There are 2 protein chains.
Amino acid sequence: MKPRHPHRSEDCRAVSAVLQRVGDKWTVLVVSMLGDGPMRFNELRHAVGGISQKMLTTTLRNLERDGFVTRTVFPTIPPRVDYELTGLGRELLTPVMALGDWARANIDRINNARDRFDAAAQS
Amino acid sequence: MKPRHPHRSEDCRAVSAVLQRVGDKWTVLVVSMLGDGPMRFNELRHAVGGISQKMLTTTLRNLERDGFVTRTVFPTIPPRVDYELTGLGRELLTPVMALGDWARANIDRINNARDRFDAAAQS
DNA sequence: CAGGATCCGGTAAGATACTG
DNA sequence: CAGTATCTTACCGGATCCTG
């Protein structure tokens, strides 16, 4: 009687790939910050906090590559670059936020399980 | 007029931490396989496909540590170990599946964006 | 201001061999 | 069967310095 949805290997890989992008160290933070509207590089850097400029650059490049953000350069002096979520990026935000809400709601349970496991492994 | 939900730094970190666990290379595959019911080690290994026994072991240990799966040892010969999702694990499956569905639905758009970006970067 | 270039350390990930 | 132990490789993430 189980629903038994297929688990097509190919699909699972695609899901896994997307989750790996989303799950890398900074992506979610950056995307959720951009959820409030376009931001400049250093503005983003400061808002996220604790990210190096290198990692912010690579994170943004990857997001741009996958079509989640647009990069707009204003050829002024000093230069100015705006990053903004695309439609795809905003759509991504929905399931990610859902997972985020779940995480917030259950982080205590996870931490408790972790503490119990570590305590049990102590012996 | 934006909703402007808070982005409490602490919360975002927790979310990010959970996403990193969920987003590591094999976790989603393993959890989704276990979504159909308990499985043994090698059964899981074969079902996932392409995972080394070492990575499967560490993935399962981490999932056990965080309270997502239980590990049941039958002291028979040959030994038998069943892995099964906990309640927490099954709850996790819901938002993860939602993200998975989104990923399946949009993988083409992502790949297209990627191809376009790479083609543009060619010059 | 926004980043490119470079170096370095830590850890993830795989292959292989061995064990209860 | 279900791991553990060990080794090697690869890449991630950070720090620092430099440029238009």
Side-chain angles (χ1 to χ4, degrees), chain A residues 12-13 16-31 33-34 38-66 69-84 117 120-121 123, chain B residues 12-13 16-31 33-34 38-66 69-84 117-118 120-123:
Chain A
C12 289
R13 298 309 165 136
S16 189
V18 171
L19 278 166
Q20 275 182 74
R21 163 128 335 289
V22 167
D24 80 354
K25 195 167 182 181
W26 301 106
T27 296
V28 189
L29 272 340
V30 170
V31 170
M33 290 302 170
L34 288 176
M39 291 179 96
R40 303 182 54 178
F41 187 87
N42 272 350
E43 190 181 1
L44 209 39
R45 177 156 157 58
H46 183 258
V48 172
I51 189 174
S52 65
Q53 90 284 33
K54 175 187 170 180
M55 289 319 296
L56 182 53
T57 300
T58 54
T59 299
L60 287 168
R61 282 296 174 284
N62 285 331
L63 287 172
E64 189 193 358
R65 186 168 114 97
D66 288 356
V69 308
T70 55
R71 178 171 180 271
T72 314
V73 181
F74 300 91
T76 58
I77 297 183
R80 163 184 182 143
V81 182
D82 274 16
Y83 293 92
E84 185 172 12
F117 184 91
S123 58
Chain B
C12 290
R13 299 307 165 138
S16 189
V18 172
L19 277 166
Q20 275 183 72
R21 162 127 335 286
V22 168
D24 80 355
K25 195 166 183 179
W26 301 107
T27 297
V28 189
L29 272 341
V30 171
V31 170
M33 291 303 169
L34 288 176
M39 291 179 96
R40 301 181 56 175
F41 188 86
N42 272 351
E43 191 180 1
L44 208 39
R45 176 157 158 58
H46 182 258
V48 172
I51 189 173
S52 65
Q53 87 283 39
K54 175 188 169 181
M55 288 320 297
L56 183 54
T57 300
T58 53
T59 300
L60 286 168
R61 284 293 175 287
N62 286 330
L63 287 173
E64 190 192 358
R65 185 168 114 97
D66 288 355
V69 308
T70 55
R71 178 170 181 271
T72 312
V73 181
F74 299 91
T76 58
I77 295 184
R80 165 188 179 139
V81 182
D82 274 16
Y83 292 92
E84 184 171 13
F117 185 90
D118 291 348
Q122 193 66 15
S123 59

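Please read all numbers here as calculations on a predicted model, not as lab measurements. A note on names: the letters A, B, ... follow the listed sequences, proteins ahead of strands, and every chain is numbered from 1.
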**Q** Output the single nucleotide from C:dA2, D:dC1, D:dG13 whose closest atom is nearest the side chain of A:Pro79.
**A** C:dA2
**Q** Quick one: does A:Trp26's side chain get under 4.5 Å of A:Thr58's, heavy atoms only?
**A** no
**Q** Which listed nucleotide (D:dG14, D:dA2, C:dA13) is nearest to the side chain of B:Phe41?
**A** D:dA2
**Q** Could I get a table of every N or O pair under 3.5 Å where one atom is in the protein and the other is in nucleotides 4-9 of chain C?
**A**
unit_1, atom_1, unit_2, atom_2, d
C:dG4, O6, A:Gln53, NE2, 3.4

**Q** Grab the CD-C1' distance between B:Gln20 and D:dG13 for me, whole Å please.
**A** 11 Å
**Q** On a heavy-atom basis, which atom in B:Gln53 and which in B:Arg45 lie closest, and how many Å separate them?
**A** N-NH1, 3.6 Å
**Q** Take atom CD of B:Glu64 and atom P of D:dA2, then tell me their distance rounded to the nearest Å.
**A** 15 Å
**Q** Within the structure provided, determine whether B:Asn62 and B:Arg21 are in side-chain contact (heavy-atom separation under 4.5 Å).
**A** yes
**Q** I'd like to check B:Leu29 versus B:Ile51 (side-chain heavy atoms, cut-off strictly below 4.5 Å). Are they in contact?
**A** no
**Q** For A:Asn42 and C:dG3, give me the distance from atom CG to atom P, rounded to whole Å.
**A** 9 Å
**Q** Any side-chain to backbone donor/acceptor pair from B:Thr27 onto B:Gly23? Under 3.5 Å, distance only.
**A** no
**Q** Nearest to the side chain of B:Arg40 - D:dG13, C:dG3, D:dA2?
**A** D:dA2
**Q** Output the distance between atom CZ (A:Arg65) and atom CG (A:Leu60), rounded to the nearest 0.5 Å.
**A** 14.5 Å
**Q** Over all strands shown, is A:Phe74 touching base, sugar-phosphate only, or nothing at heavy-atom distances under 4.0 angstrom?
**A** nothing
**Q** Nearest-Å distance, CG (A:Asp24) to P (C:dA12)?
**A** 15 Å
**Q** Give the angle between the helix axes at the two ends of the helix from C:dC1-D:dG20 to C:dG20-D:dC1, taking five base pairs at each end and rounding to 10°.
**A** 50°
**Q** Less than 4.0 angstrom between a side-chain N/O of A:Tyr83 and OP1 or OP2 of C:dG3, yes or no?
**A** yes
**Q** Report yes if the side chains of B:Arg71 and B:Val73 come closer than 4.5 Å at any heavy-atom pair, otherwise no.
**A** yes
**Q** Rounded off to whole Å, could you give me the CD1-to-P distance for the A:Ile51 and D:dG13 pair?
**A** 10 Å
**Q** Report the distance from atom CG of B:Leu56 to atom C1' of D:dC1, rounded to the nearest whole Å.
**A** 13 Å
**Q** B:Asp82 has an atom CG; how far is it from atom P of D:dA2, in whole Å?
**A** 8 Å
**Q** Measure the distance from CZ on A:Arg80 to C1' on C:dG3 and round it to the nearest whole Å.
**A** 17 Å
**Q** Compare the minimum distances between each of C:dC1, D:dG13, D:dG3 and the side chain of A:Pro78, then state the nucleotide with the smallest one.
**A** C:dC1
**Q** Hey, are the side chains of B:Met33 and B:Met39 touching, using non-hydrogen atoms and a 4.5 Å cut-off?
**A** yes
**Q** In Å and rounded to the nearest 0.5 Å, what is the OG1 to NZ distance from B:Thr59 to B:Lys54?
**A** 11.0 Å
